[in-house]
Amino acid sequence: FIIERPSALVRTSLWTLNTKTKIVTTIAGPAFGLTARWSKNGRYVLVSTVDATYTPSLSFIDTKTNRATPLRLATMPSKCFIKDTVAIIYCGVPKNIPQGAMLPDDYLKGKLNTDDRIVKIDFATPKVTEVWGGGADAMDIENPTIIGNDLFFTNRGDGTVWKLAL
């Protein structure tokens, strides 16, 4: 996929490029603060955009059916993992985003760290379930991935890797 550098102040887009046909297809945008994360098999993509108050809005796109589903979660795709085999997502969701924070800019520049909880979104049901409510210390979840029955992620605050049994 091809994506421009995200900013809350600039409209950007997300495209795919078919290297055989050389056809470029717009997946999302143009929109302010557009960030994205693909599933490993390339079928699903999470897209986040922001409104005029820099509040993030997350959508799940199935590129096979071209169906976009808005999610009622204020988080960024870099905090999420999309399973390839079924439409299930695990996301780190900030418990609080400070008023006036300019997303995604402040987060990407390291001016903002979040304290996250982890939720599971199952599109078959559709249901959002809290998997982990957070701990005593702030956990800024980044780049989660599943290996076996465990969710691994990096705590962006200190760079440590964590494992959560699912």
Side-chain angles (χ1 to χ4, degrees), residues 1-94 97 101-114 116-129 131 140-148 150-154 156 166:
F1 70 93
I2 304 165
I3 190 168
E4 299 164 288
R5 184 178 294 253
S7 173
L9 304 175
V10 178
R11 288 181 179 208
T12 57
S13 296
L14 171 68
W15 304 278
T16 59
L17 169 64
N18 184 319
T19 55
K20 292 179 183 174
T21 64
K22 304 209 180 350
I23 294 175
V24 177
T25 305
T26 302
I27 300 296
F32 290 102
L34 192 144
T35 57
R37 183 154 188 183
W38 288 88
S39 62
K40 290 183 182 187
N41 67 3
R43 177 175 176 176
Y44 306 114
V45 62
L46 278 173
V47 174
S48 178
T49 58
V50 295
D51 62 17
T53 64
Y54 312 124
T55 302
S57 174
L58 194 66
S59 293
F60 175 78
I61 300 172
D62 183 336
T63 60
K64 187 175 180 180
T65 63
N66 291 322
R67 183 173 177 215
T69 305
L71 304 175
R72 293 183 177 167
L73 295 174
T75 193
M76 290 167 278
S78 64
K79 295 180 166 291
C80 299
F81 177 80
I82 309 166
K83 291 186 86 169
D84 284 339
T85 53
V86 290
I88 293 177
I89 304 168
Y90 290 89
C91 285
V93 179
I97 297 174
M102 186 172 19
L103 295 176
D105 304 55
D106 289 348
Y107 187 78
L108 295 173
K109 291 176 183 176
K111 293 180 180 178
L112 171 68
N113 287 319
T114 59
D116 301 335
R117 62 191 179 98
I118 298 175
V119 300
K120 173 186 174 184
I121 304 131
D122 184 344
F123 286 92
T125 51
K127 188 176 181 184
V128 177
T129 308
V131 175
D140 189 352
I141 294 166
E142 189 75 3
N143 297 319
T145 190
I146 292 178
I147 301 173
D150 298 314
L151 179 72
F152 290 85
F153 59 89
T154 302
R156 186 170 170 252
L166 299 173

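Note: hydrogens, waters and symmetry copies are ignored here, and every other heavy atom, side chains too, is used.
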Candidate pair Val50 and Met102, rule side chain to side chain contact (heavy atoms under 4.5 Å, CB included), full reasoning: CA-CA 9 Å; Val50 295; Met102 186 172 19; over 6 Å; no
Working for side chain to side chain contact (heavy atoms under 4.5 Å, CB included), residues Ile27 and Val45: CA-CA 9 Å; Ile27 300 296; Val45 62; 4.1 Å; yes
Verdict with supporting geometry, Leu151 and Ile146, side chain to side chain contact (heavy atoms under 4.5 Å, CB included): CA-CA 5 Å; Leu151 179 72; Ile146 292 178; 3.7 Å; yes
Residues Asp122, Thr129; criterion side chain to side chain contact (heavy atoms under 4.5 Å, CB included); working and verdict: CA-CA 8 Å; Asp122 184 344; Thr129 308; over 6 Å; no
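For Phe60, the ring-ring contact (aromatic ring centres under 6.0 Å, His included) partners at least two apart in sequence or on another chain are Tyr44, Phe123. For Thr55, the side-chain hydrogen bond (donor to acceptor under 3.5 Å, both in side chains) criterion is met by Thr53, not counting sequence neighbours. Under the side-chain hydrogen bond (donor to acceptor under 3.5 Å, both in side chains) criterion, Ser39 pairs with Asn41, not counting sequence neighbours. By the side-chain hydrogen bond (donor to acceptor under 3.5 Å, both in side chains) test, Ser7 pairs with Asp105, sequence neighbours left out. Partners of Ser78 under the side-chain hydrogen bond (donor to acceptor under 3.5 Å, both in side chains) rule, at least two apart in sequence or in another chain, are Glu142. Remark: Arg43 engages Asp62 in a salt bridge (Lys or Arg N to Asp or Glu O under 4.0 Å) (not counting sequence neighbours). For Asn18, the side-chain contact (heavy atoms from CB on, under 4.5 Å) criterion is met by Lys20, Thr21, not counting sequence neighbours. Qualifying side-chain contact (heavy atoms from CB on, under 4.5 Å) partners for Ala74, counting only residues two or more places apart in sequence or in other chains: Pro56, Ile97. In this view, Arg156 and Asp140 satisfy the salt bridge (Lys or Arg N to Asp or Glu O under 4.0 Å) rule, not counting sequence neighbours.
To the nearest 0.5 Å, the span separating CG on Leu73 from CD1 on Ile121 amounts to 4.5 Å. We find the CG-OG1 distance between Leu34 and Thr49 to be 6.5 Å, quoted to the nearest 0.5 Å. Separation of atoms OH (Tyr107) and OG1 (Thr114) is listed at 5.0 Å; rounding is to 0.5 Å. Rounding to the nearest 0.5 angstrom, the gap separating the CG atom in Leu58 from the CD1 atom in Ile89 is 7.0 Å. Interatomic distance, Leu17 CG to Thr19 OG1, rounded to the nearest 0.5 Å: 6.5 Å. In this structure, OG1 on Thr12 lies 9.5 Å from CZ on Phe32, to the nearest 0.5 angstrom.
Applying the side chain to side chain donor-acceptor pair (under 3.5 Å) rule to pairs touching residues 22-38 yields Trp15-Thr26, sequence neighbours excluded. Residue pairs meeting the disulfide (SG to SG under 2.5 Å) criterion with at least one member in residues 43-75: none, sequence neighbours excluded. The disulfide (SG to SG under 2.5 Å) pairs that include a residue from residues 46-91 are Cys80-Cys91, where partners are two or more places apart or lie in different chains.
The shortest side-chain heavy-atom distance between Thr75 and Asp116 does not fall under the 4.5 Å cut-off. Counting heavy atoms from C-beta outward, Tyr54 and Leu9 have side chains that approach closer than 4.5 Å.
Shown here for Pro104 and Ala8, the closest heavy-atom pair between the two residues is CD-N, 3.9 Å. Of all non-hydrogen atoms in Ser13 and Gly29, the two that sit nearest each other are OG-C, 3.8 Å. Scanning both residues, Gly42 and Thr63, for their nearest heavy atoms gives O-OG1, 3.5 Å.
With hydrogens and angles disregarded, a donor-acceptor distance shorter than 3.5 Å links the side chain of Asp84 to the backbone of Lys40. Judged purely by atom type and a 3.5 angstrom limit, Lys79 uses its side chain to pair as donor or acceptor with the backbone of Ile141.
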